[in-house]
Amino acid sequence: ACTTDDGDSAVVEGDAAEPETEAVSTDVTGEGQTITFWHAMGGDLGLAVDQLVDRFNETNELDITVVSEFQGTYDDAITKLRSASLGNLEADVVQIYDIGSRYMLDSGYVVPMQDFIDSEGYDISQIEPNIAAYYTVNDDLYSMPFNSSTPVLYYNVDMFEEAGVDGPPESLSEIEDMHDALVNEGGADMPIALTIYGWFVEQFTAKQGLDLVNNGNGRDDVATEVSFMDNDAMINILEEWYALYESGAAPNVGREGGIPEFVSGQAAMTLASTASLSSILNEVDGSFEVGTAYLPAVKEGDDGGVSIGGASLWALESGNDEKEQASWEFIKFLISPEIQADWASSTGYFPITTAAHEEDVFKENIENFPQFQTAIDQLHESSAESQGAFLSVFPEARQIIENEIENMLNGVATPEEAAEEMAAQINSAIENYNLINTPE
Amino acid sequence: MADVQLKQVSKVYANETVAVKPLDLSIKDKEFLVFVGPSGCGKSTTLRMIAGLEAISDGGLYIGQELVNHLSPKDRDIAMVFQNYALYPHMSIYENIGFSLKMKKFSKSDRDRRIREAAGILGLTDFLERKPSSLSGGQRQRVALGRAMVRHPKVFLLDEPLSNLDAKLRVAMRAEIIKLHRKLKTTFVYVTHDQTEAMTMGDRIAVMNDGNLEQIDTPFNLYEYPLTRFVAEFIGSPKMSVFKTRIHRRSDWQIKINGQYINLGSGLTSRLITGQSDDQRVYAGIRPEDIQLSHIRDNQSFLAEVQTIEQMGSDMYIHVAIDECDALTVRASPDTKVSVGDSICLRVDSNKWHLFDHQKEKTLLRSPFRPAAKSREEHLVS
Amino acid sequence: MADVQLKQVSKVYANETVAVKPLDLSIKDKEFLVFVGPSGCGKSTTLRMIAGLEAISDGGLYIGQELVNHLSPKDRDIAMVFQNYALYPHMSIYENIGFSLKMKKFSKSDRDRRIREAAGILGLTDFLERKPSSLSGGQRQRVALGRAMVRHPKVFLLDEPLSNLDAKLRVAMRAEIIKLHRKLKTTFVYVTHDQTEAMTMGDRIAVMNDGNLEQIDTPFNLYEYPLTRFVAEFIGSPKMSVFKTRIHRRSDWQIKINGQYINLGSGLTSRLITGQSDDQRVYAGIRPEDIQLSHIRDNQSFLAEVQTIEQMGSDMYIHVAIDECDALTVRASPDTKVSVGDSICLRVDSNKWHLFDHQKEKTLLRSPFRPAAKSREEHLVS
Amino acid sequence: MELNQPLLDDKGNGIRKKRGKKKCSIETYLYLIPALTIFFLFTYLPFFRTIYRSFFLTDNRGIERVFVGFQNYTDLLTSSSFQNSLIVTFQYVAIVLILGMGFGFLTALLCNRTFPGIRLFSTVYAMPMAVASSGIAMVFSILLNQRIGALNQILGTNISWLADPRWALISVAVLTGWLNSGINFLYFSAGLSNVDESLYESASVDCANTWNQFLYITLPGLKHISFYILVINVISAFQSFGQIRILTSGGPGESTNVIVHDIYRNAFVNFRFGLASAESVILFIIVGILTVFMFRTQRKEN
Amino acid sequence: MAAQVEETRPFILDDEQASLIRRQEIKKKVQKAGLLGINTVVMLVVLFPLLYAVSMSLKSPGEVYSSTFRLLPESLQLSNYADAFAVAPLGQYIANSFIVASLITVGQLVSGALAAFSFQFLESKGKEIIFALVLATLMVPGEATIVSNYLQIGQWGWLDSYRALIVPFLTSATTIFLFRQFYKSFPIALYESAKMDGCSNIRFIFQILLPLSKPAIGAVSVNAFINAWNMYMWPLLVSGSDRYRTVQIGVSMMNSVDSQSVVLMLAGVVIVLIPSLFIFIIGQKSLVKGLFAGSVKG
Ligand SMILES: Nc1ncnc2c1ncn2[C@@H]1O[C@H](COP(=O)(O)OP(=O)(O)OP(=O)(O)O)[C@@H](O)[C@H]1O
Ligand SMILES: Nc1ncnc2c1ncn2[C@@H]1O[C@H](COP(=O)(O)OP(=O)(O)OP(=O)(O)O)[C@@H](O)[C@H]1O
Ligand SMILES: O=P(O)(O)OC[C@H](O)CO
Ligand SMILES: [Mg+2]
Ligand SMILES: [Mg+2]
């Protein structure tokens, strides 16, 4: 029995929260509340989040206290949230990565952002439309984008100059052409350190302008199976990837590699999130010039764009209006232009509101580090069409994709076999999920 | 009144081992009774049943006329001294001795008085603050006794309390325990497998074998009038030599040794249980000290070849072999001049034979009427 | 030729314990030498140095005239029987006995022959397939002997091989080991702390005390002519009674007992080392069998009060206390009529005193010339 | 002397009754209550819940929704991924056993004879037992890093220890072996010290050289304890989790996806509790069979 | 009088004999030195991961990515440790782990000592069967119960609390087993003697048995503490906030590959390894004694 619910099922779920929506009236202020904020920002990013939280705690006039809890990686955080729902673990605001969105919608314990927005008449026009699009279902904004990113190509400008290579590649196949020059003249051990990261596959699919799953990439209706086999999206990616690997242009650096090879000067290029920008610059520490470029296309002439990545903030139902209101206050604080500008400069994430671009901090930062601009341009050039897939079992699907890429690189499977295996496993996961989690 | 009575008491362990067969025994008040017997014969089991540490399988146990089968050890008013003393290693001697009083909620001053009294008697006063580990074997032994004493129990039970001590100390502690018994005037039940201990300590000795009580009697009687071949051989060192032979009724009763008929003494034959027949098979035992080297080769003496000689300094034991007995031991003076292989002439004290029935190995001799020994102080010749 | 010679051999353990002080000793070929002494006196250490299990701290060890200090145990051609037998628990008896032959790469058939031969001698033939754990103590003991035998070693070393056995078995195994020695005609070095074993087994006995060799002599000589007070008291049971007194030169030599001067026998005084002075302090020892109850109260006898009586069946030991000696033991006939508290009259065999120097506790008597005993078979009176 | 006196009077019955009432009282069980309560709540009961749940498909909240009988089991046993997990697990356990026990044994042998500094050495050899698997796994993640890790730098190799499926399993197994070697060292040392010293002396008098002493005394002497060490190691090897999650998360591909990791993934990442429960039961059966098998062989030996 | 003691001539070895003995001594010394050498090498191998962690945790981030191996840091970057505390609430984690591990240890001691007492000293029907059931828990992999336990604890509302971390581990078959093993060598006469003295069981346990079980207590404590300190999977599941996170989880969340984080992460690892190693080193002796021997002297 497969769910026949359309995408509205989430809204139906959301309806359950309707009474609260009404209750969000003037007398609910969130004053004096203590709320828990789960995030998944480790290392430097985590320090930055903590600063924001401290700042909110100090400055908010409603005497709201936010307790921030680091929950590990994005994967860990959603896992924790899912298992927390089985018990008494409570959070009011959680940061969930892009691919967790569908699950959150289905989960039934979120308060849609739209509710707050509507009841307060909050103006969201400031929010970058390309970003908001990702988190919007049937014109309702469900979660608030907070730290948004896209993947970009980082390259070692010194090496490229040394090798006499004109500029960064625009497609994967171009990398092969630069191989000899970068290695022999540029002194690189490898042209590109290509991390085995499902996100890149997702982005390469978008870059091809193709869907990952059916039913309009899961946005028109609940996805029931993958579509990357039918539209050859996956096979294209895997073949290119494998070709790069075969030729030695992109050795297997595993799931953790990539940035280390790049910053240590072994790789001439790497792919990474814009969020890594500041830490990469930090690590390189001026030992060479870091350039950034758009995510390469899979094949020349692909006409898609990139979809927004990173994570968004979800308000969770707690049955306590005051708390929920406090969550909203906190979220509003986080997306205020001033904060976003700050946040963007210290991390590498985009400011999600256009107003933030006007802030001095931000302008200054762009001036010092023009590399930031690439990501912004890339996002602006992408259309809202490439808003990315919605899939309940997305985290699992990403694992499966990464596994199979590993299998492919390790010679266990050919690109075709890998793609087929991905499809089979993901389809079965989708089927299983839809079977069990039909809302009563 | 603290006599102990066992009426048909027996013990079968969970694994079906019959450790003690139905046993009737009455231990008199103030008596020093020793249980002796080979390893595994059930001595400890009997003692532990009296203590209440082992459930009684069947029969009735009475202490001071009262049936105590159902009482737990602490309610029987008995004290026990264990083979390895079972001192509490982490407590001082003072605490060790006083532990049972503490358990019985004696007042501090009462406790102190009793502990010091016991320590005084046992010469432990200087060690009260020490831990058991810093005491010598003999001192530990005394602490164990002290622990039993302070309770003023009705009965003292001691299970091989000396077996962990070295030979010299054993002799000394033997004397101390005897003195203690005399001083305390309480019933003592003492288990040992050492016959020297049994002989020297007990008012009476109960010899056990394979779960049976073989004989209970004074040391002297046990030695002189053993009821069974087992007792005869168990008591005495070197052990009694036993001949597998026959008795004959001629003019006198005779016994065949080394192919030759030798008269039995009249003192002996008068004690013979009636109904013995001519040429009847018997076990005839003789102790090493009741056989002498003889200068006269007559029809009461016989020849035998010396097999080995054991020079003990104070005595010499000569082992000879003859047909009826493959280990005949003779006690001789240490300066006797004899070598292995010599043929020597031996003469038996004809009234000192011990005769046992061939089948049941029970004695064929009546014991002369003798009053039970009243105390250890008297050792009378019958 | 397998005599063993220790020349100034000593042992100091890593923790500075001086276990054996420089020792000179020569063990003759085919001799049965017994080391005896109290616990911790260095017997095992000496044996283990001979075996090569313990490095020699100083001095030279010769086996068959050859210096072996530097040789490891396996090259010394000795066999050793351990106190706990040290049988290999996972090997069958057959394999246990044959192990050393296997190590020496004997052919299979040779091995088999020797194993069966040894098993035959020791009566183990039926047990060859069993594991040690299924054997009794005595059988294990024999396996340990068998293991030593098959190698036909130059020297047999045995470290308290009987001490884990019960008393009866011990007596039996004693005899077996003596027989074995006679059969194998090899040098045996035997360690024990049991003086009965020492007295009955050794051709010669080496008495050790506190790392020193006190005396090495035949059993008879040790008993009759102990060189030190230690040996005198150590050998003999019940032990010699020692008086702390003085000797006096009157017309004869006299000794003061119970406030009264008693003559020393002429046999004894003739052996007195010259240079003894009047009123000199001495230790005077007398063995229980050399003192008798006397009917005659004269100036050679003295009175004493009976303290305790030990009835052994074959003998009776009477303990009396007098000024000079708080534990004077008298051996009497078991049917002696005497009670605790009685005053008894005692007379000492005046030639049987043992006299020791007050300070060094060395003997004051020359021992009469005696040829060293040639073998155990002869026990001659001097 | 007392002989056959009239046997028990009417009191005798009383005696018999007393005897009938066994000495054991509820007191015996009182002392067991704390331990048994915990076991009941957190081992027995959950274990049966697990078996029960393994027959269901569960929803996000772990609630049994659809009864599927043995389908979870058949799904598992026919899925190539699970079969792979089984194979990987057995390979992993085998390597861990060989390395962990081998190294523990080696170090125990090295410390068997006293020599100066033995305290230090034995402390170091036992130390891995006190090291957290998660902590050391993070160290290994750097140590084994292909480019910046010490191992490649020291060996002069360029192996991707954790990204190459041929090495990843070996790498985590080596780490686990290292972790286990500590306690194994202690166990083997105890075993060695339990071998009666006089056996060695006896053997040396019996002309056995060092090698033969090792062969005929040491090895047989360790037989018994080796068996227990084996059982303990097998049980613990099957349960390794932290180091695998941190070092490889089951990858690359599924080359280090041992059963326990797969259980975690299925239960807490993919939220298929029913399936995970079925896996748990299979794991239990495997460990159980192995343990019983080992005990059997051991018993047969004796 | 027979010549009983050989003449005591001073003892002198000839040259040949002396050199034989000397050679033997040299051979022994060489063997010892060899053993020492091998041990040193093996020790360094065993110790290497830990030394490496310490060394890396003291390097500057820049040094981490160097492509040649250097064990010693160029300069000691002690600030990494301070920074590690800033990045994550290591202090809180350590406190949590201490609370959890200590309470688990105490719980196991008490429940184990009582249960083992019952098993070893008291008679009861089916006692051996119960004991077998207890031992069988060793065979049940934690993973076989973890899902149920998690759901159960979630239902009770125990997630993210000390109880969730502690209560399930308050007893352990290993502890009971170790205690019972130890009790087996406990002189039964002491128990009987105490009984004769009128001592109740519970008094016996606390006044006699436990004071004399110090080696076992030591071993059990060290074992329980180290295991509790090093737990990973369960705390990973049930702790959700820094308030209750244990060190193992806290530190593993620092896992990252950028050089900045690597040094901090390794500093964190070193910090959390220290307490368990410390407990191990001070408790090692009693651990060995308790695990493997177990006799009461006295
Ligand atoms: N707890 C027990 N369970 C089963 N059988 C036992 C038990 N205790 C003793 N036995 C058996 O009961 C018999 C008598 O044992 P007991 O301890 O009374 O002998 P014992 O005369 O004291 O011997 P020993 O001189 O060796 O101490 C022996 O056969 C023994 O094996
Ligand atoms: N390995 C050792 N290290 C240090 N001292 C030792 C060692 N072995 C024995 N000793 C000490 O050396 C002395 C002699 O010991 P040895 O074992 O030779 O005595 P023994 O005569 O055999 O005693 P026993 O009759 O008790 O066996 C003792 O004081 C003992 O404590
Ligand atoms: O690393 P981030 O925050 O840019 O996020 C990348 C992906 O969107 C995660 O799914
Ligand atoms: Mg007994
Ligand atoms: Mg010794």
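All chains are named by letter (A, B, ...) in the order of the sequence lines, taking the proteins before the strands, and each is independently numbered beginning at 1.
Neither the backbone nor the side chain of C/D75 comes within contact range of chain D; no heavy atom of the residue lies under 4.5 Å from a heavy atom of that chain. Using a 4.5 Å cut-off between heavy atoms, C/R76 makes no contact with chain D at all. Within the 4.5 angstrom heavy-atom criterion, no atom of D/Y200 approaches chain C. Proximity to chain D (any heavy atom under 4.5 Å) is shown, for C/L157, by neither the backbone nor the side chain.
Contact detail for D/Y216 and C/M103: the closest heavy-atom pair is CE1-CE, 3.3 Å.
D/S202 has its side chain out of reach of C/L87: every pair of non-hydrogen atoms, C-beta onward, lies at least 4.5 Å apart.
Heavy-atom neighbours of C/K179 NZ from other residues, nucleotides or ligands within 6.0 Å: at or below the threshold of 12. Annotation: D/R119, atom CZ; neighbour count of heavy atoms from other residues, nucleotides and ligands within 6.0 Å does not exceed 12. Heavy atoms of other residues, nucleotides or ligands lying less than 6.0 angstrom from OH of C/Y13 number more than 12.
Taking CG of D/L219 as the reference point, atom NE2 of C/H90 lies at 9.0 Å (rounded to 0.5 Å). A distance of 7.5 Å separates CD of D/E201 from CD of C/E54, quoted to the nearest 0.5 Å. Here the SG-CG distance, from D/C207 to C/L101, works out to 9.0 Å after rounding to the nearest 0.5 Å. Atom CG of C/L53 sits about 9.5 Å away from atom CD of D/E197, to the nearest 0.5 Å. Annotation: the span from C/Q83 atom CD to D/S198 atom OG amounts to 9.5 Å, rounded to 0.5 Å. Between atom OG of residue D/S204 and atom NZ of residue C/K74 there is a gap of 9.0 Å, rounded to the nearest 0.5 Å.
C/Y88 and D/D196 share no donor-acceptor pair across their side chains, judged by distance under 3.5 Å alone.
Remark: C/K102 does not engage D/D206 in a salt bridge, criterion side-chain N to carboxylate O under 4.0 Å.
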